[in-house]
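Remember, it's a predicted structure, so these values are computed and weren't measured experimentally. Residue numbering restarts at 1 for every chain, and letters A, B, ... go by the order of the sequence lines. When reading the values below, keep in mind they use all heavy atoms of this one structure, side chains included, and skip hydrogens, waters and symmetry mates.
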Protein chains: 4
Amino acid sequence: MESTRDKIIQAAVTLFVQQGVASTTTREIAALAKVAEGSIYRYFSSKEELAWQIFRDYHHQLAATLQEIAEQPVSIREQITNLVVSFLQLADDDWVLFQYYLIAQQKYMHKIDANLLTPYQVIIDIIEQGIKQRLIRSNDPQILAAMAMGAVNQVAINKQFKRIDGPLSVHSKTVSNVICRMLLSENMD
Amino acid sequence: MESTRDKIIQAAVTLFVQQGVASTTTREIAALAKVAEGSIYRYFSSKEELAWQIFRDYHHQLAATLQEIAEQPVSIREQITNLVVSFLQLADDDWVLFQYYLIAQQKYMHKIDANLLTPYQVIIDIIEQGIKQRLIRSNDPQILAAMAMGAVNQVAINKQFKRIDGPLSVHSKTVSNVICRMLLSENMD
Amino acid sequence: MESTRDKIIQAAVTLFVQQGVASTTTREIAALAKVAEGSIYRYFSSKEELAWQIFRDYHHQLAATLQEIAEQPVSIREQITNLVVSFLQLADDDWVLFQYYLIAQQKYMHKIDANLLTPYQVIIDIIEQGIKQRLIRSNDPQILAAMAMGAVNQVAINKQFKRIDGPLSVHSKTVSNVICRMLLSENMD
Amino acid sequence: MESTRDKIIQAAVTLFVQQGVASTTTREIAALAKVAEGSIYRYFSSKEELAWQIFRDYHHQLAATLQEIAEQPVSIREQITNLVVSFLQLADDDWVLFQYYLIAQQKYMHKIDANLLTPYQVIIDIIEQGIKQRLIRSNDPQILAAMAMGAVNQVAINKQFKRIDGPLSVHSKTVSNVICRMLLSENMD
DNA sequence: GATGAATGAGAATTCATTCAT
DNA sequence: AATGAATGAATTCTCATTCAT
């Protein structure tokens with residue numbers, strides 16, 4: 001049996017993805033979660049706090065998972081491949097939550113402590129390493145990281161737009177190959 | 001002297017980008033535009049309609065511009081380069097409006113008549129042409145298009161996130177090179 | 001060619017009857033009258049004043065007509081008959097304006113100078129005369145007048161309700177007979 | 001202790017009678033009812049719906065009461081007398097609500113299901129019965145019903161106009177006598 | 001005289017939040 | 001812990017009125 005808190009989070013994230021945070025009412029959340037409106041306030045001090053906590057918690061989980069993968073002592077190509085595979089797998093694992101993460105980034109990313117790990121920072125690190133080791137062409141790492149991250153993100157976004165369907169992980173191979181081609185100097189595909 | 005309608009649009013877009021449509025009040029729009037709140041309703045039947053019309057009009061303008069560029073009878077590499085250059089230039093030309101376009105897509109793209117031209121369709125067409133002519137590796141065109149589009153978009157998004165500053169067009173060369181490397185079979189860079 | 005003022009009155013009264021004064025907008029009046037919204041204010045200081053003037057003018061016209069009829073030196077039965085006939089004829093003559101009069105009475109009647117003539121006063125006078133001359137049974141003249149007036153008014157109201165159709169004056173004979181029976185001691189029908 | 005819903009209805013009716021529905025604000029209703037403005041919307045979806053429900057509920061109550069009286073197996077004269085007495089009594093019982101009913105009829109009567117019972121239908125039925133039994137002179141029943149109903153209504157309206165004061169039921173005898181004289185062939189008074 | 005864009009006060013309605021039960 | 005009625009500030013939108021042209 002799901003806890004009241006979990007029912008609220010589940011309902012909230014579903015509605016936030018469909019309508020945005022601002023347009024989702026606490027009444028709707030309570031109705032979908034099948035709890036009383038007042039119960040939301042036993043677990044979260046405000047709707048805004050609820051939206052933020054869901055983002056923050058998922059962000060930390062995501063960042064930790066990706067960091068762990070990035071730390072494996074493997075070739076840069078394998079690092080990139082592993083990251084792409086994991087990222088798409090995480091999207092598939094909780095598609096609603098992942099969508100919320102994509103949408104909520106713009107609003108909440110700046111509240112994430114800059115000293116903490118972010119998926120973006122993981123990528124930057126790899127790229128800077130790669131450039132130092134001359135495995136990645138010498139380009140602005142910010143631009144390369146943006147493009148790599150954007151290329152993967154947009155695959156997920158296009159699933160939102162229903163231009164792609166089914167699980168994202170079936171495209172892992174294609175996506176990681178393209179990312180490698182984008183970044184790595186030598187093409188071995 | 002700017003028309004009342006234009007002042008409203010200008011103010012609205014600015015605030016929509018900063019706060020989102022739902023969290024922007026008509027009072028704020030009117031204040032920034034220096035018009036009466038009621039004047040908004042002489043030109044737009046609702047705040048929602050205002051948000052939609054701004055999106056729709058810019059979308060059509062964008063799609064038309066990109067289509068025109070895509071129709072030039074040049075090599076695929078030049079086509080891609082021209083599109084990237086123009087896209088980043090359009091972002092620089094009206095950065096606020098462009099940001100709004102990025103944000104509002106998720107909400108409004110599905111209201112755009114699917115038979116009409118979209119930037120995304122322009123890219124799909126080029127990629128499908130490229131695959132047929134064996135200039136682009138045979139991969140799912142939907143995935144390639146998503147990745148190419150996402151890679152460029154994210155450069156703009158990272159400017160929003162202040163991870164990049166200055167005009168985007170200074171990065172045209174880098175970005176178009178990376179996109180070509182993503183898509184084209186033979187690398188001539 | 002109708003004057004602007006008349007076009008406004010005509011449009012206003014039509015809408016007032018359909019929707020009530022409060023729910024009719026100056027924009028609607030202007031649109032129906034095919035004049036500019038601002039033009040209303042050249043002739044009337046406010047919407048409220050417009051509504052009041054239409055009522056007041058028609059009231060005076062009505063009162064004067066009925067008073068004239070009541071002054072004819074004829075039998076009381078003829079007086080009553082003549083009043084009923086004229087009243088229903090006036091309703092037919094300008095049905096829209098007459099409906100407005102029925103509706104607006106509750107709101108504006110108290111603003112009519114009590115010293116001036118009202119249709120109601122005309123009836124009271126006749127009834128009091130009739131009682132003095134023992135032609136009308138000795139009952140509270142206020143009650144009798146109310147009932148007589150209400151009986152005639154309601155015929156008009158039931159036309160509004162579409163329970164009766166066609167011109168009201170075709171029912172003059174029936175109505176005046178019933179009124180006479182209500183009021184007069186001796187029945188000669 | 002009165003329920004919130006009842007306080008709202010009570011306040012609303014009072015103000016609707018004084019000012020009309022359109023000119024009464026939700027703020028005024030809330031203030032008079034001593035509840036928050038928002039509470040109105042827990043019980044009624046809009047001000048309009050509130051106005052309509054009050055009318056509809058009282059209408060059904062009125063119709064049911066009068067129907068019950070009309071069904072008593074007594075002489076037509078007694079039927080009429082009983083109806084008049086009850087009607088005036090109902091007006092006295094809740095004078096504010098009754099006034100609202102008189103005023104709101106024009107707006108809402110057409111929304112009442114025509115198949116359901118109305119006070120007017122009760123009267124029509126009696127008159128048609130009376131004509132068949134030759135107790136009522138053969139005249140258009142619609143006209144007779146209108147006149148009878150109007151004669152009684154107007155007594156109430158004249159109380160509104162302050163031309164009559166005190167409870168209406170003190171005039172029951174006079175009014176029912178006059179109504180009988182209007183309708184019945186043989187006069188036995 | 002006529003126009004209609006602009007105004008801004010005020011209306012209806014919504015909704016996050018509180019709190020007595 | 002859970003409920004849901006009540007709150008009232010804030011929001012969107014309306015509309016009578018003004019005024020420059």
Could you give the [atom1]-to-[atom2] distance, from [X] to [N], as a whole number of Å?
X	N	atom1	atom2	result
C:Ile29	F:dA16	CD1	P	7 Å
C:Ile8	E:dT3	CD1	P	9 Å
A:Phe44	E:dT18	CZ	P	15 Å
B:Ile40	F:dC15	CD1	P	17 Å
A:Leu50	E:dC15	CG	P	16 Å
D:Arg5	F:dA6	CZ	C1'	16 Å
C:Arg27	F:dT18	CZ	P	17 Å

Inset, instruction - With rounding to the nearest 0.5 Å, note down the distance linking CD1 in D:Ile112 to OH in D:Tyr120. - result: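 Going from the CD1 atom of D:Ile112 to the OH atom of D:Tyr120 covers 16.0 Å.
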Legend entry - Least distance between heavy atoms, B:Gln53 atom then B:Phe44 atom: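 Taking B:Gln53 first and B:Phe44 second, the nearest heavy atoms are OE1-CE2, 3.4 Å.
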Could you tell me whether [X] contacts a base, only the sugar-phosphate backbone, or nothing, with contacts defined as non-hydrogen atoms closer than 4.0 Å?
X	answer
C:Thr24	sugar-phosphate
C:Tyr43	sugar-phosphate
D:Thr25	sugar-phosphate
A:Ser39	base
B:Ser45	nothing
D:Ser23	nothing

Inset, instruction - Please indicate whether A:Gln10 has more than 12 foreign heavy atoms, meaning atoms of other residues, nucleotides or ligands, lying under 6.0 Å from its CD. - result: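 Not more than 12 within 6.0 Å, no.
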Inset, instruction - Would you kindly compare A:Ala36 and D:Ser3 by the position of their nearest DNA chain F nucleotide and give the one closer to the 5′ end? - result: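 Of the two residues, A:Ala36 wins.
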Legend entry - First encountered from the 5' end of DNA chain F, between C:Lys47 and B:Lys47: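 On the 5' side of the pair lies B:Lys47.
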Inset, instruction - Ignoring backbone atoms, test whether A:Tyr41 places a side-chain nitrogen or oxygen under 4.0 Å from the OP1 or OP2 oxygen of E:dT17. - result: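 Yes, such a contact exists.
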Legend entry - Ring centroid separation B:Tyr100 to B:Tyr58 under 6.0 Å: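 Between B:Tyr58 and B:Tyr100, which both carry aromatic rings, the centre distance is not below 6.0 Å.
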Inset, instruction - On DNA chain E, check which nucleotide each of A:Glu48 and D:Ser46 is closest to and give me the residue with the more 5' one. - result: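 The residue mapped nearer the 5' terminus is D:Ser46.
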Inset, instruction - Take B:Lys34 and D:Thr26, find for each the nucleotide of DNA chain E with the closest heavy atom, and name the residue whose nucleotide sits nearer the 5' end. - result: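 First, find each residue's nearest nucleotide; the 5'-ward one identifies B:Lys34.
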Inset, instruction - Fit a plane to each ring of D:Phe98 and D:Tyr101, take the angle between them on a 0 to 90° scale, and name the class: parallel (under 30°), tilted (30 to 60°) or perpendicular (over 60°). - result: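 Ring orientation of D:Phe98 relative to D:Tyr101: tilted.
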Legend entry - For F:dA10, the Watson-Crick or wobble partner whose two distances fall under 3.5 Å: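 In the structure as shown, F:dA10 has E:dT13 as its Watson-Crick or wobble partner.
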Inset, instruction - Hunt down the Watson-Crick or G-U wobble partner of F:dA20, both distances under 3.5 Å, from any strand shown, or write none. - result: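 Paired with F:dA20, as far as the under-3.5 Å criterion goes, is E:dT3.
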Inset, instruction - Write down the distance separating the C1' atoms in F:dT21 and E:dG1, rounded off to the nearest Å. - result: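 Taking atom C1' in both F:dT21 and E:dG1, they lie 13 Å apart.
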Given [options], the nucleotide with the shortest approach to the side chain of [X]:
X	options	value
D:Glu37	E:dT7, E:dA12, E:dA6	E:dA12
A:Thr4	F:dA2, F:dA6, E:dA6	F:dA2
D:Arg42	E:dT17, F:dA5, F:dT3	F:dA5

Legend entry - Partner of A:Glu28 under side chain to side chain donor-acceptor pair (under 3.5 Å), chosen from A:Thr24, A:Thr26, A:Thr25: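 It is A:Thr25, the one option of A:Thr24, A:Thr26, A:Thr25 that forms the side chain to side chain donor-acceptor pair (under 3.5 Å) with A:Glu28.
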